[in-house]
There are 2 protein chains.
Amino acid sequence: MINVINRCFTDIYFQLHPVQNDAISHQSVRILQLVHKKKYIMIRDIAEYLLISHNTASEHVKKLVSSGWLYKERSEEDQRKVYLHLTQSGLSVLKKNTELDEEKLQNALNKLSDEEKMQIVRAFQLLSEVSK
Amino acid sequence: MINVINRCFTDIYFQLHPVQNDAISHQSVRILQLVHKKKYIMIRDIAEYLLISHNTASEHVKKLVSSGWLYKERSEEDQRKVYLHLTQSGLSVLKKNTELDEEKLQNALNKLSDEEKMQIVRAFQLLSEVSK
DNA sequence: ACGATTATATCGCATTATACGATATAACGA
DNA sequence: TCGTTATATCGTATAATGCGATATAATCGT
């Protein structure tokens with residue numbers, strides 16, 4: 001069962017992911033992903049998740065800010081802390097690099113009945129829920 | 001509906017993907033992926049898919065062969081052609097970099113009933129099928 | 001037969017990505 | 001005040017990425 005899900009999962013991503021011409025590095029995508037999924041994330045958290053030193057994480061973030069994909073917010077309570085957030089542009093880049101292509105996904109879904117579409121949505125919601 | 005599926009899809013991958021300490025580059029993963037999903041793939045095909053020049057693709061493949069993740073097979077009919085295949089080691093590296101972690105996925109599924117598990121498997125098979 | 005094409009490979013070179021140690025600054029905590 | 005925490009910057013090193021130029025061998029078209 002695990003293997004079937006994994007084969008389908010990778011097949012779906014392989015077939016439906018957007019064609020990306022964007023020049024974006026692997027670590028940049030991982031950082032945008034972290035910022036998107038985690039609330040109140042800081043530089044040191046990114047270093048921890050990515051298993052890199054804090055200064056390297058700081059350099060990465062600097063680049064992402066200057067690219068216009070992230071912005072910083074100083075904490076009110078503790079002025080040392082810097083919370084990171086995605087810009088609209090950053091969200092758009094992240095989507096192109098982690099989500100399924102909307103048009104390709106729509107084309108795939110159109111081959112199914114309404115009942116089948118709903119089954120797929122429910123299944124994704126279910127697995128997403130128990131993954132947390 | 002598209003947005004719900006995409007949010008769930010990225011959540012599932014974010015929560016369940018393996019923690020990877022392997023030192024492997026982005027392009028290397030993409031090439032292993034291509035070789036895995038496509039039959040009789042050649043250097044020039046990889047260049048085409050990855051939108052890079054054939055000589056760069058050749059260099060990448062050389063590195064992957066020397067890492068023991070790919071091996072080459074000369075075509076019988078046309079001796080110019082070199083088909084690429086994954087080694088066992090290459091397949092293992094690819095899985096760690098694209099699939100969901102077996103243990104994490106199992107833990108998530110264990111929170112569900114047998115009926116719900118089957119619904120998820122059917123939904124993934126369904127979407128995988130219409131994605132081709 | 002032979003020039004054109006195809007597929008791969010290699011070399012030289014340039015740029016970007018990735019990372020860390022050392023060091024600095026500012027803010028917080030006891 | 002002194003130690004700790006969070007971020008930032010500089011210098012430096014190595015790996016990753018990529019392309020043009022060039023080479024070799026096989027195949028194709030006429």
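Here is the naming used below: chain letters follow the sequence lines, and residue numbers restart at 1 for every chain. Only heavy atoms go into these numbers, but all of them, side chains included; no hydrogens, no water, no symmetry mates. Source: prediction; values computed, not measured.
- The CD1 atom of B:Ile52 sits 14 Å away from the C1' atom of C:dA9 (whole-angstrom rounding).
- Distance from the side chain of A:Gln79 is smallest for C:dA27 among the nucleotides C:dA27, C:dA9, C:dG21.
- Residue-level contact check: A:His26 touches the backbone only, with heavy atoms under 4.0 Å from sugar-phosphate atoms and none from bases.
- Listed pair B:Thr56 / D:dT17 fails the phosphate criterion, with no side-chain N or O lying under 4.0 Å from OP1 or OP2.
- Of the residues near DNA chain D, B:Arg80 and B:Ser53, the one whose nearest nucleotide (by heavy atom distance) lies more toward the 5' end is B:Ser53.
- If A:Glu77 and B:Val82 are placed on DNA chain C by their nearest nucleotide, the residue sitting closer to the 5' end is B:Val82.
- Distance from the side chain of A:Lys72 is smallest for D:dA8 among the nucleotides D:dA8, C:dA19, C:dA9.
- Ring-plane geometry between A:Phe14 and A:His17 is classed as tilted, the angle between the planes lying from 30 to 60 degrees on a 0 to 90 degree scale.
- Proximity of B:Gln27 to the phosphate of D:dG18: a side-chain N or O atom is located under 4.0 Å from OP1 or OP2.
- There is no path of hydrophobic side-chain contacts, each under 4.5 Å, that joins B:Leu32 to B:Tyr71.
- Among the atoms of the strands shown, base atoms are found under 4.0 Å from some heavy atom of B:Asn55.
- For D:dT17, one of the phosphate oxygens OP1 or OP2 lies less than 4.0 angstrom from a side-chain nitrogen or oxygen of B:Ser25.
- The aromatic ring centroids of B:Phe9 and A:Phe9 lie less than 6.0 Å from each other.
- The number of heavy atoms from other shown groups lying within 6.0 Å of CD (A:Glu73) is above 12.
- No hydrogens or angles considered: a donor-acceptor pair under 3.5 Å links the side chains of A:Gln106 and A:Asn110.
- Near DNA chain C, meaning a heavy atom under 4.0 Å away, the residues from residues 57-67 of chain B are B:Ser58, B:Glu59, B:Lys62.
- With hydrogens and angles left out, the side-chain atoms of B:Lys38 and B:Tyr49 include a donor and acceptor closer than 3.5 Å.
- For A:Ile43, taking side-chain heavy atoms from C-beta onward, the closest of the listed nucleotides D:dA6, D:dG18, D:dA8 is D:dA8.
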